[in-house]
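One structure is given here, and the rest of the page talks about it.
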Amino acid sequence: MSETKNPQLTPELYDYVLAHNPPLNAVQRELVDTTHARLADVAGLQTAEEQGPLLAFLVRLTGARQIVEVGTFTGFSTLSMAQALPADGRVIACDVSEEWTAVGREHWAKAGVADRIDLRIAPAVETLKALPGGQWIDLVFLDADKDSYTAYWEELVPRMSPGGLLVVDNTLFHGEVVDKDATGSARAIQEFNDHVRADDRVDDVLLTVADGLTLARKK
């Protein structure tokens, strides 16, 4: 059995990680705080704070210009990626909630990047099916309903540009992926992870970042 080198992530160690990552800017911080104030019951749906700088880093690293996000919630991840884009870049953001994304719209405007974000309110599979064909997407961030991950994947991978990057959140699903009797979303993530591993269209790694983060590069 392999031995982990990961230390236990105590609150003190997590604070240390945040302190040694690029700090959130004023609008990002306000968006995070507003989410917790207005939507306390569901604020856990927000992308982990350390993933904002990571997503911005990946946008800059890949030189992405065309991004698709599946699952926007209040738009923290969207804002982080949009701010890292060049002026002519675009994020197509897919969600089903006008209420949640209204928080994002407010803060995207404050940050001056609203013109880089194309928010589409509809079931994401419908939005993805309606996207142009061809290989044009540079980066994907997938953080939506887990039962549909494989369906989203199959719409996105054929549209990825060669070398394009897919970033998929929650692929450890609170540790439940090791449960042989998993059901519901945990079972869906197990099946998704197996699907990605078997997909010869991509190179992929599963990382212990936040609740599990899969990175996959289109060949």
Side-chain angles (χ1 to χ4, degrees), residues 14-122 124 127-128 131 136-145 152 156 159-161 164-170 209-211 213 215:
Y14 185 56
D15 287 343
Y16 182 89
V17 169
L18 295 182
H20 287 78
N21 267 332
L24 302 188
N25 59 46
V27 180
Q28 288 176 311
R29 174 55 59 196
E30 181 182 309
L31 192 160
V32 170
D33 293 345
T34 300
T35 298
H36 283 272
R38 294 187 192 174
L39 299 166
D41 291 346
V42 291
L45 295 174
Q46 186 168 257
T47 303
E49 185 171 320
E50 68 271 22
Q51 288 177 291
L54 174 60
L55 288 169
F57 179 87
L58 292 173
V59 171
R60 296 188 182 103
L61 180 68
T62 60
R65 291 177 180 270
Q66 299 293 328
I67 298 174
V68 175
E69 176 182 65
V70 184
T72 296
F73 189 45
T74 59
F76 171 62
S77 52
T78 329
L79 175 60
S80 300
M81 293 187 290
Q83 289 181 308
L85 279 171
D88 62 346
R90 180 176 65 156
V91 181
I92 297 175
C94 309
D95 207 278
V96 294
S97 173
E98 291 280 8
E99 177 190 6
W100 294 348
T101 56
V103 178
R105 288 181 186 271
E106 175 185 337
H107 291 85
W108 303 336
K110 285 185 179 181
V113 295
D115 61 337
R116 300 179 192 177
I117 301 169
D118 178 4
L119 177 63
R120 303 189 183 185
I121 301 295
T127 300
L128 297 180
L131 293 177
W136 56 274
I137 302 173
D138 301 315
L139 190 145
V140 159
F141 182 50
L142 176 53
D143 183 16
D145 57 300
Y152 298 148
L156 290 162
R159 294 176 168 88
M160 298 299 299
S161 59
L165 181 66
L166 298 103
V167 183
V168 187
D169 204 10
N170 302 118
V209 174
D211 187 32
L213 196 71
L215 302 181

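In the displayed structure, Y16 atom OH is contacted under 6.0 Å by at most 12 heavy atoms of other residues, nucleotides or ligands.
A distance-only check finds a donor-acceptor pair linking the side chain of W108 to the backbone of G75 [under 3.5 Å]. Side-chain atoms of Q46 never come within 3.5 Å of backbone atoms of A43 as a donor-acceptor pair (strictly under, hydrogens ignored). Judged by distance alone, with hydrogens and angles left aside, the side-chain atoms of R159 form no donor-acceptor pair with the main-chain N or O of I137 at under 3.5 Å.
Closest approach of C94 to V68, counting heavy atoms only: SG-CG1, 4.4 Å. The minimum heavy-atom distance between R65 and P86, with the atom names listed, is NH1-CG, 3.5 Å. Here the closest non-hydrogen pair linking L55 and S77 is CD1-CB, 3.7 Å. Considering every non-hydrogen atom in both L142 and Y152, the closest pair reads CD1-CD1, 3.5 Å. Closest heavy-atom contact between A122 and T127: CB-OG1, 3.7 Å. Contact record, V27 with A111: CG1-CB, 4.0 Å, taken as the closest heavy-atom pair.
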request  = Step by step, work out the side chain to side chain contact (heavy atoms under 4.5 Å, CB included) result for W100 and L39.
outcome  = CA-CA 8 Å; W100 294 348; L39 299 166; 3.7 Å; yes
message = Before you tell me yes or no, could you show the steps for L85 and R90 under side chain to side chain contact (heavy atoms under 4.5 Å, CB included), namely the whole-Å CA-CA distance, both residues' side-chain angles and the distance that decides it to 0.1 Å?
response = CA-CA 7 Å; L85 279 171; R90 180 176 65 156; 5.5 Å; no
inquiry  = Applying side chain to side chain contact (heavy atoms under 4.5 Å, CB included) to W136 and L131, what does each step give before you reach the verdict?
reply    = CA-CA 10 Å; W136 56 274; L131 293 177; 4.0 Å; yes
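At a threshold of 4.5 Å between non-hydrogen side-chain atoms, the residues T74 and T34 do not count as touching. Side-chain contact between N25 and Q83: present, with at least one pair of heavy atoms (C-beta onward) separated by less than 4.5 Å. Contact of the L213 side chain with the D169 side chain is registered, since non-hydrogen atoms from C-beta on lie closer than 4.5 Å. D138 has its side chain out of reach of T62: every pair of non-hydrogen atoms, C-beta onward, lies at least 4.5 Å apart. Side chains of Q28 and S80 form a contact here, defined as non-hydrogen atoms less than 4.5 Å apart. Side chains of T78 and L119 form no contact here, defined as non-hydrogen atoms less than 4.5 Å apart. Counting heavy atoms from C-beta on, the side chains of V167 and Q51 never come closer than 4.5 Å. Under the 4.5 Å side-chain criterion, counting only non-hydrogen atoms from C-beta, D143 is not in contact with F73.
L24 contributes atom CG, which lies 8.0 Å from atom CG of L18 (distance to the nearest 0.5 angstrom). Within the model, atoms CD1 of I92 and CZ of R116 stand 15.5 Å from one another, a figure rounded to the nearest 0.5 Å. Summarising the geometry, atom CG belonging to L156 is positioned 11.0 Å from atom CG belonging to L139; distances are rounded to the nearest 0.5 Å. In this structure, CG in N170 is found 8.5 Å from OG1 in T47, a value given to the nearest 0.5 Å. Going from atom CG of D115 over to atom CG of D88 covers 10.5 Å, rounded to the nearest 0.5 Å.
Judged as a ring pair (Phe, Tyr, Trp, His ring centres under 6.0 Å), and not counting sequence neighbours, F76 has no contacts.
A side chain to side chain contact (heavy atoms under 4.5 Å, CB included) with L215 is found for exactly one of V209, L166, V168, L165, namely L165.
Here salt bridge (Lys or Arg N to Asp or Glu O under 4.0 Å) pairs that include residues 35-57, with residues two or more places apart or in two chains, are R29-E49, R38-E106.
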